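Note that the structure is predicted; figures quoted are calculated from it, not measured. Note on naming: letters A, B, ... go to the chains in the order of the sequence lines (proteins, then strands), and numbering restarts at 1 for each one.
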There are 2 protein chains.
Amino acid sequence: MFSKACEYAIRAVIYICHQSKNGERVGLKEIAKRTDSPEAFMAKILQKLVKNGIVSSLKGPTGGFVLDKEQQEKIRLVDIVYAIDGDNVFNGCGLGLRECSEEQPCPIHDKFKNIRNGLSKMLHQTTIHDLAEGLSTGTSYLRI
Amino acid sequence: MFSKACEYAIRAVIYICHQSKNGERVGLKEIAKRTDSPEAFMAKILQKLVKNGIVSSLKGPTGGFVLDKEQQEKIRLVDIVYAIDGDNVFNGCGLGLRECSEEQPCPIHDKFKNIRNGLSKMLHQTTIHDLAEGLSTGTSYLRI
DNA sequence: TTAATAAAGGACTTATTTATCCGTTATTTG
DNA sequence: CAAATAACGGATAAATAAGTCCTTTATTAA
Ligand code: FES
Ligand code: FES
């Protein structure tokens with residue numbers, strides 16, 4: 001469904017949000033450990049997230065990654081998926097035709113569109129804030 | 001969503017079904033051309049489909065690929081996806097955790113499960129026979 | 001029974017994704 | 001200012017997916 005990079009990205013942003021609510025800034029090492037992802041790869045992903053304004057970062061000692069108040073409230077799953085995986089999830093043809101269109105639909109177009117729209121709706125509706133709740137209450141996990 | 005191989009596979013089976021209804025057997029070249037897919041790669045995919053009993057094949061002159069009556073009626077999208085991409089689409093965690101479970105769910109588990117179940121239901125309900133109809137009526141396409 | 005045909009199958013190449021390494025830059029603290 | 005720290009950024013490596021090539025096997029029909 002999502003690329004590995006995107007999966008890691010979502011895990012990371014949720015974790016950073018969780019910690020940001022406690023007013024804590026988190027470093028790469030910690031993020032990689034808590035999300036069970038390869039550190040160097042996660043570094044690349046975080047760079048991309050920073051460039052896309054999804055997370056904020058600070059260099060130097062006491063530096064690290066953080067979600068400011070606005071980011072905590074505004075960032076949705078869709079923003080992360082779009083930043084990392086692009087728009088194929090939202091617009092791409094289920095059978096890989098060059099373009100998904102109503103004019104020349106593939107055989108699964110109608111049925112696939114339903115699924116894709118459902119996914120899109122879910123990604124738009126779900127904020128990182130919401131997801132981070134589960135971590136706080138101990139009802140959801142980012143590893144194993 | 002699906003691998004390239006799986007996309008090609010679905011296209012191929014729909015096309016073969018379409019032709020089988022006209023009592024026509026189709027060769028690799030024709031399948032590759034009509035589904036706009038690389039011939040040698042399609043050859044590999046068809047081998048796998050034959051091994052999985054999804055399509056039938058005959059060697060030699062007048063040979064080719066065909067869906068017998070039973071296959072035309074029985075084969076669903078789920079059979080193709082499962083044969084080519086395995087069960088990750090149906091059981092895998094949306095955030096790539098080693099296992100999707102109710103006991104230790106990831107933060108998007110509930111929302112993701114809905115989407116995944118919807119997709120699974122659609123794949124189970126949709127027969128190739130149904131999809132091939134669109135080709136006959138000229139309301140759906142396998143290329144462009 | 002031989003030549004032609006088409007799928008089967010193994011080995012290989014290419015492209016993309018995933019992942020790592022290491023020097024640079026910015027920031028903090030002593 | 002100097003030393004330590006942590007993100008940034010470019011280059012590279014490993015793993016997987018996508019795609020190709022070529023020989024073998026089975027079948028048909030002349
Ligand atoms: S054309 Fe294939 S999903 Fe729309
Ligand atoms: S645990 Fe992630 S989708 Fe179920």
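C/dG9 atom P lies 13 Å from atom NZ of B/Lys48, rounded to whole Å. With rounding to whole Å, B/Ile45 atom CD1 is found 16 Å from C/dG9 atom P. The separation between B/Met42 atom CE and C/dG9 atom P is 17 Å, rounded to whole Å.
For A/Arg116, the CZ atom counts as densely surrounded, since its 6.0 Å shell holds more than 12 non-hydrogen atoms of other residues, nucleotides or ligands.
For B/Asp130 and B/Thr127, the side-chain atoms include at least one donor-acceptor pair closer than 3.5 Å. Remark: the B/Ser56 side chain and the B/Gln71 side chain contain an N/O donor-acceptor pair separated by less than 3.5 Å. Side-chain contact annotation: A/Glu133 with A/His18, donor-acceptor N/O pair under 3.5 Å absent.
Ion pair A/Asp79/A/Lys74 not flagged as a salt bridge, since none of the NZ, NE, NH1 or NH2 atoms sits closer than 4.0 Å to an Asp/Glu carboxylate oxygen. The residues B/Lys33 and B/Glu30 are annotated as not salt-bridged, no charged nitrogen and carboxylate oxygen being separated by less than 4.0 angstrom. Between B/Glu102 and B/Lys113 a salt bridge is recorded (basic side-chain N to carboxylate O distance below 4.0 Å).
Of all nucleotides in DNA chain D having an atom under 4.0 Å from a heavy atom of chain A, the first and last in 5' to 3' order are D/dA4 to D/dA11.
Recorded end-axis angle for the helix from C/dT1-D/dA30 to C/dG30-D/dC1 stands at 0°, based on five pairs per end and rounded to 10 degrees.
At a threshold of 4.0 angstrom between heavy atoms, the contacts of B/Leu46 with the nucleic acid are absent.
For A/Lys59, the listed nucleotide lying nearest its side chain is C/dT25; candidates were C/dT25, C/dT20, C/dT18.
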Where do A/Arg98 and B/Asp36 land on the salt bridge (Lys or Arg N to Asp or Glu O under 4.0 Å) test, with the steps shown first? CA-CA 10 Å; A/Arg98 270 189 277 283; B/Asp36 196 23; 3.4 Å; yes
Protein-nucleotides 10-13 of chain C N/O pairs under 3.5 Å:
residue, atom, partner, partner atom, Å
C/dG10, N7, B/Lys44, NZ, 2.8
C/dG10, O6, B/Lys44, NZ, 2.5

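Phosphate proximity of C/dA19 to A/Tyr8: present, with a side-chain N or O under 4.0 Å from OP1 or OP2.
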